[in-house]
Amino acid sequence: MDETVSATGSDDSAGTNAETVSSQSTLDNPAQTNASEGAYWRENIRLLVTLMTIWFLCSFGAGILFRDWLDQFMLGGYPLGFWFAQQGSIYIFIALIFFYVIRMKQIERKYDLDD
Amino acid sequence: METQTLIYLFVGASFALYIGIAIWSRAGSTKEFYVAGGGVNPVVNGMATAADWMSAASFLSMAGLIAFMGYDASVYLMGWTGGFVMLALLLAPYLRKFGQFTVPDFIGTRYYSKAARVVAVICLIFISFTYIAGQMRGVGIVFSQFLQVDITMGVIIGMGIVFIYAVLGGMKGITYTQVAQYCVLICAYMVPAFFISFMLTDNPLPQLGLGSELNDGSGDYVLQRLDNVLVELGFGQYTAGTKSTIDMFCITLALMVGTAGLPHVIVRFFTVPKASDARKSAGWALVFIALLYTTAPAIGAFGIYNFIDKTDGTPYEQAENWFTTWEGADLIAWQDKNDDGVMQYRVGEAFEGKPEFTGETGPSGERVVANAPNPDTENEVYVDRDITVLANPEIANLPGWVVALMAAGGLAAALSTAAGLLLVISSSVSHDLLKSTFKPDISAKNELLAARGAATAAIIVAGYLGIYPPGWVAQVVAFAFGLAASSLFPAIFMGIFFKSMNKEGAIAGMVSGLVFTFSYILYFKLMNPGANTAENWLFGISPEGIGVIGMLLNFGIAIAVASMTRSTPVEIRQLVDSIRVPRGAGEAHAH
């Protein structure tokens, strides 16, 4: 059962996909395209690390690890740590995703890789 | 009009709507059946994802969990929303760029192995069936609470409805019914929440109401009063927790990663036109989910406050209408331990187990329970947590149509999730097992037929699991998240971000993560529930959070095995390069 299926071979669905994509991305000037794809990917990773750090800090950080300390501050009737755990982190999650959507579009345009 | 008539009217009308949509949008090709043709607008897909994601448990039980767990329930709020950040940033756009129909498609192709595909199918089927059992049970409970039919009959009716629109419509039918279901469920959830928030705090927005002062002239904040009231009765503070920090941390992470690894959620992102739409769509999904998830803490806190306010110290004869209504539905019971006719609510179980009503009426008019009283507590009130949501409309004195809307909303939540799960089960059977593994020469027409056959079989199994649930439903759901976190998520993540991850590593990782997590949950939840206490847990992590260790095990073993076996073929490296850039996603490939 563990027979290897080549990505460009017998498995038709995978083959079509791999071919279409690789032929497009290396169409004009392979070296230049690869360089810009590499730069694009590094910039994406940097952005991901930043955003996932915020993701971690607002939920696991503010909502769980530093909650006791934050609870001495009040946001209206909410102790601040409790607010992060039950409200704030969710709002920040939404903001993170939409920031990523907008920022990625800019990065993709910069490297001419948008869809 | 009678409330009962209104309930039949609302539920009937919503069912007619779903079936109408199914007939209008039925699938004609495998591509339409698996991914709705791949042309769904990202906002529409976001709404469908929200309905797909929010299950019977989110709608009926979550606010109740929060009410009775306070801060500890934050694990669900953060866990079930934070996973969408991981989806949008780490998985969805790349899987959409890859452009296939199913999650095992990605794993099988990326790891150039039929074995990897089959392992992924096994994980997927296991996760989806444990999850769907809870949904069918939820359908049965709503039917029995609101429409006075028994649970078995309710499950069968639910099976019939899902059969019509999932089997006929496939992903295309499901997508548009889920949009309608989202609208029904969110209205049903928000309307009573606005009124209750306004009733207690003069602020109709529950998210703000929870942080406001009570309007009884005391100037106390809601949460502050709740803390004080609970402490007086012997409970811990509402805003403090009882779970250990490591357990809070691990459960939250397991739920987040599990959410990102649930196949029925991932597959929704295959239906949008472009990779960038997948990101956008995940954002919209979270907006629609957050509407309910930021309201739930308010409903929970208001619910428990109202409940204590209206029961503790109140003579039974003066109890509010809703109290006796839900006592009649077996969800509340009162045992007058000190024979004073006054209800007392304290910490601890009033008596052991669920109430067994004798059919007699006590001196105050209450339904007598046969259970032996628990001598360790003065608590006299038994309450089912689901009451927090179910009794809302009556507590707020809302008219009958709101109760009817609640019934339709609960059913919408359960049915939409059930349909999404059925679809991933049926497509993994017809597409991954038949078309891609065992019978590659199957015609498109027969594949579609097989998909419909598999969906039918899955509905029957799900219905059976709903009628005879394996253990308590919530325990079953812990399985789904833990398994998704420890098996599918790491395999997909490494497939995108670690170019050198090979077939041997991925398979070893998935199998070890799955086996470890499965055994741990099985042991503590089903084989030896008596030992399910913090001192017996590995590193103090409960079965709900153990998926995190399973995930780390998966990553560790996969990386170790991959470093010792032959490297990834060059065409797979090119495939990974290609899914990393959004350009050229185009159409999902139809066969």
Side-chain angles (χ1 to χ4, degrees), chain A residues 1-14 16-18 20-22 24-25 34 37 40-41 44-45 47-48 51-52 55 59-60 63-65 67 71 74-79 81-83 85-87 89-91 93-94 96-98 100-101 104-105 108 111-115, chain B residues 71 74 77-78 81-82 84-85 88-90 98-100 105 108-109 112-115 118 207-208 210-213 221-224 239 245 248-249 252-253 274-276 279-280 282-283 286-287 290 293-294 297 436 503 569 571-572 574-575 577-586 589 591:
Chain A
M1 192 151 77
D2 187 14
E3 111 197 42
T4 302
V5 182
S6 153
T8 48
S10 59
D11 190 334
D12 58 345
S13 50
T16 333
N17 188 52
T20 344
V21 176
S22 56
Q24 268 181 2
S25 53
N34 284 338
E37 280 183 11
Y40 162 79
W41 186 249
N44 177 29
I45 296 290
L47 181 60
L48 282 180
L51 295 183
M52 292 310 283
W55 165 83
S59 50
F60 295 96
I64 297 175
L65 299 173
R67 173 182 76 92
D71 274 352
M74 296 290 280
L75 187 75
Y78 286 111
F82 182 85
W83 179 81
Q86 300 212 337
Q87 299 275 313
S89 54
I90 301 176
Y91 301 134
F93 293 155
I94 296 177
L96 286 175
I97 298 181
F98 282 105
Y100 184 68
V101 167
M104 279 308 275
K105 206 73 192 169
E108 281 155 12
Y111 292 103
D112 191 28
L113 289 169
D114 57 327
D115 52 7
Chain B
Y71 168 79
S74 312
L77 293 163
M78 288 188 286
T81 53
F84 280 84
V85 179
L89 272 56
L90 305 178
F98 172 71
Q100 295 291 322
D105 252 342
T109 310
Y112 46 99
S113 154
K114 285 189 178 172
V118 173
Q207 288 84 348
L208 299 177
L210 183 57
S212 307
E213 291 169 8
Y221 285 118
V222 177
L223 289 168
Q224 187 188 349
T239 55
T245 304
M248 283 290 293
F249 192 97
T252 307
L253 189 56
K274 295 184 295 188
S276 58
R279 293 195 282 260
K280 215 182 285 173
L286 188 55
V287 169
Y293 273 56
T294 54
S436 307
K503 138 179 120 179
E571 61 268 21
I572 295 298
Q574 283 168 352
L575 172 73
D577 278 333
S578 77
I579 62 171
R580 285 179 176 184
V581 294
R583 174 150 299 177
H589 299 277
H591 299 257

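Lettering follows sequence order; numbering is per chain, from 1. Heavy-atom basis, side chains included; hydrogens, waters and symmetry copies ignored.
- Applying the salt bridge (charged side-chain N to carboxylate O under 4.0 Å, His left out) test to B/Glu213 and every residue at least two apart in sequence or in another chain returns nothing.
- Heavy atoms closer than 4.5 Å to chain A are found nowhere in B/Pro569, neither backbone nor side chain.
- Heavy-atom pairs under 4.5 Å with chain A were tallied for B/Leu90, B/Leu208, B/Thr245, B/Leu253; the largest tally goes to B/Leu253.
- For B/Met78 against A/Ser89, the heavy-atom pair with the smallest separation is CG-OG, 3.3 Å.
- Among residues two or more places apart in sequence or in another chain, the ring pair (Phe, Tyr, Trp, His ring centres under 6.0 Å) test is passed with B/Tyr221 by none.
- The closest donor-acceptor contact from the side chain of B/Arg583 to the backbone of A/Asp112 lies under 3.5 Å.
- Here the CZ-CD1 distance, from B/Arg580 to A/Ile45, works out to 6.5 Å after rounding to the nearest 0.5 Å.
- Pairing each heavy atom of B/Tyr71 with each of A/Ala85, the nearest pair is CE1-CB, 3.7 Å.
- Here the OH-CD1 distance, from B/Tyr293 to A/Ile90, works out to 8.5 Å after rounding to the nearest 0.5 Å.
- Counting heavy atoms from C-beta outward, B/Ser276 and A/Val101 have side chains that stay 4.5 Å or more apart.
- Residue A/Gln86 holds its CD atom at 9.5 Å from OG1 of B/Thr239, rounded to the nearest 0.5 Å.
- Remark: A/Met104 CE to B/Lys280 NZ distance equals 13.5 Å, nearest 0.5 Å.
- Both the backbone and the side chain of A/Phe93 come within less than 4.5 Å of a heavy atom in chain B.
- Remark: A/Phe82 CZ to B/Leu210 CG distance equals 6.0 Å, nearest 0.5 Å.
- The part of A/Glu108 that comes within reach of chain B is its side chain, from C-beta onward, which places non-hydrogen atoms under 4.5 angstrom from that chain.
- In terms of modelled atom types and a separation under 3.5 Å, the side chain of A/Asp115 and the main chain of B/Lys274 share no donor-acceptor contact.
- Ranking A/Tyr78, A/Trp83, A/Trp41 against chain B, the residue ahead of the rest is A/Trp41, based on heavy-atom pairs under 4.5 Å.
- Counting heavy-atom pairs under 4.5 Å between each of A/Tyr111, A/Tyr100, A/Tyr40, A/Phe60 and chain B puts A/Phe60 at the top.
- Chain B forms the most heavy-atom pairs under 4.5 Å with one residue out of A/Leu48, A/Leu47, A/Leu96, and that residue is A/Leu48.
- Annotation for B/Phe84 and A/Ile97: closest pair O-CD1, 3.6 Å, computed over non-hydrogen atoms.
- Of all the listed residues (B/Ala290, B/Gly283, B/Ala282), the one sharing the greatest number of non-hydrogen pairs under 4.5 Å with chain A is B/Gly283.
- Proximity to chain A (any heavy atom under 4.5 Å) is shown, for B/Gln207, by both the backbone and the side chain.
- The shortest heavy-atom contact between A/Met52 and B/Val85 is SD-CG1, 4.3 Å.
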